[in-house]
Amino acid sequence: MDQTTEKMPEETMQNTEENSEKLDLQERVGIVEAILFVMGNAVEKKEICRAMGVTDEELEETLDALESAYDFNRRGLRLLRFGAHVQLATRPDYAVYVEKLLQPVQKQSLSQAVMETLAVIAYRQPVTKAEIEQIRGVKCDYSVQSLLAKELIEEVGRKETLGRPILYGTTDGFLRHFCLNSLADLPEIDFSKISEKLDLEEHELE
């Protein structure tokens, strides 16, 4: 009885490996779609790989196929890929019809101050609160706390200087919020001009 119990995990694992080898691309696409549909929220790629018993390369191939199918047929859903996560979302083209049915309360947008703080963090990360305030020229305690609460930024470490201040960076939630695949998709900004403006203002105050 004990021997059978000890063998079960190994036999189950072997069966899982054999089944994963039999999965063709179409089946994998269907499985990923089912997983993302049931989960609703963003799912880590490594968790999908673990559940399906596939490699990172096989998962990326599957996601490419699923994304292409949605786009080619202009389906009501689309695939969002941001950082290490993936998620199903509705196609923006059909949002007006969904809104008519659900009549949702409009999501409160980020204030100008919060957006400016978020922009500094996104482009200069990892960055401390003092560095953000130096660039913006104003205190940013409220904005940072607001962004942390919305899970758009997170603490990513501490700077090896006096007092070891907290370093902030953006999250995968930030990528999802702005429909970005990665930080490389951010539009380019010439921060040298901003720095020159700040230097000029400081010089005038002296």
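As the structure is a computational prediction, the values presented were derived from the model and not from experiment.
Gln145 contributes no side-chain N or O that, together with a main-chain N or O of Tyr142, makes up a donor-acceptor pair within less than 3.5 Å. A donor-acceptor contact shorter than 3.5 Å links the side chain of Asp24 to the backbone of Gln26. The main-chain N or O of Leu59 is never found under 3.5 Å from a side-chain atom of Arg28 such that the two would form a donor-acceptor pair. Not one N or O on the side chain of Ser143 forms a donor-acceptor pair closer than 3.5 Å with the backbone of Thr117. Between the side chain of Glu131 and the main chain of Thr128, a donor-acceptor pair closer than 3.5 Å is present. With hydrogens and angles ignored, the 3.5 Å screen pairs no side-chain donor or acceptor of Arg124 with any backbone N or O of Ile132. The main-chain N or O of Glu57 is never found under 3.5 Å from a side-chain atom of Glu60 such that the two would form a donor-acceptor pair.
In this structure, Glu27 CD and Thr62 OG1 are separated by 11.0 Å, a value rounded to the nearest 0.5 Å. Within the model, atoms CZ of Arg81 and CD of Gln87 stand 14.0 Å from one another, a figure rounded to the nearest 0.5 Å. Atoms CD1 and CD1, from Ile48 and Ile31 in turn, are 11.5 Å apart once rounded to the nearest 0.5 Å. In this structure, CG in Leu180 is found 6.0 Å from CG in Leu175, a value given to the nearest 0.5 Å. Remark: Gln112 CD to Glu116 CD distance equals 4.5 Å, nearest 0.5 Å. Separation of atoms CG (Leu79) and CG (Asp71) is listed at 9.0 Å; rounding is to 0.5 Å.
Nearest heavy-atom pair, Arg75 versus Ala69, reported as atom, atom and distance to 0.1 Å: CG-O, 4.1 Å. For the pair His85 and Ala42, the tightest heavy-atom approach, listed with the atom from each and the gap, is CB-CB, 4.0 Å. Across every non-hydrogen atom of Glu133 and Lys139, the tightest pair is OE2-CD, 3.5 Å.
A 4.5 Å side-chain heavy-atom check between Glu58 and Leu25 finds every atom pair outside the cut-off. Arg91 places none of its side-chain heavy atoms less than 4.5 Å from the side chain of Leu77.
Among pairs with a residue in residues 169-179, none fulfils salt bridge (Lys or Arg N to Asp or Glu O under 4.0 Å), at least two apart in sequence or across chains.
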Could you list the donor-acceptor pairs under 3.5 angstrom formed by side chains in residues 162-170, with sequence neighbours left out?
residue : atom : partner : partner atom : Å
Arg164  : NH2  : Glu160  : OE2          : 3.2
Thr170  : OG1  : Gln125  : OE1          : 3.3
Thr170  : OG1  : Gln125  : NE2          : 3.0

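By the 4.0 Å N-to-carboxylate-O rule, Arg50 lies too far from Glu44 to be salt-bridged with it. Taking the charged nitrogens against the carboxylate oxygens, Lys46 and Asp56 have no contact shorter than 4.0 Å, which rules out a salt bridge.
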Could you check Phe37 against Leu88 for side-chain contact (heavy atoms from CB on, under 4.5 Å), going step by step and ending with a plain yes or no? CA-CA 7 Å; Phe37 177 80; Leu88 288 184; 4.1 Å; yes
Walk me through it: do Asn181 and Leu80 pass the test side-chain contact (heavy atoms from CB on, under 4.5 Å)? CA-CA 8 Å; Asn181 290 323; Leu80 295 182; over 6 Å; no
Test side-chain contact (heavy atoms from CB on, under 4.5 Å) applied to Glu33 and Tyr70, step by step: CA-CA 11 Å; Glu33 184 177 41; Tyr70 282 147; 2.6 Å; yes
Verify side-chain contact (heavy atoms from CB on, under 4.5 Å) between His177 and Lys150, making sure each step is shown before the conclusion. CA-CA 10 Å; His177 185 87; Lys150 296 178 187 299; over 6 Å; no
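Under a hydrophobic-cluster definition in which Ile, Leu, Val, Met, Phe, Trp and Tyr are linked whenever side-chain heavy atoms come within less than 4.5 Å, directly or via other members, Val156 and Ile121 are assigned to different clusters. The cluster map of Ile, Leu, Val, Met, Phe, Trp and Tyr, joined by side-chain heavy atoms under 4.5 Å apart, puts Val144 and Val138 in different clusters. Under the 4.5 Å side-chain heavy-atom criterion for grouping Ile, Leu, Val, Met, Phe, Trp and Tyr, Val29 is not connected to Phe72 through any hydrophobic cluster.
Note on ring orientation: taking the six-membered ring where Trp is involved, the planes of Phe174 and Phe178 are tilted (angle from 30° to 60°).
Arg78 and Thr90 form no side-chain donor-acceptor contact under 3.5 Å, judged by distance and modelled atom types alone.
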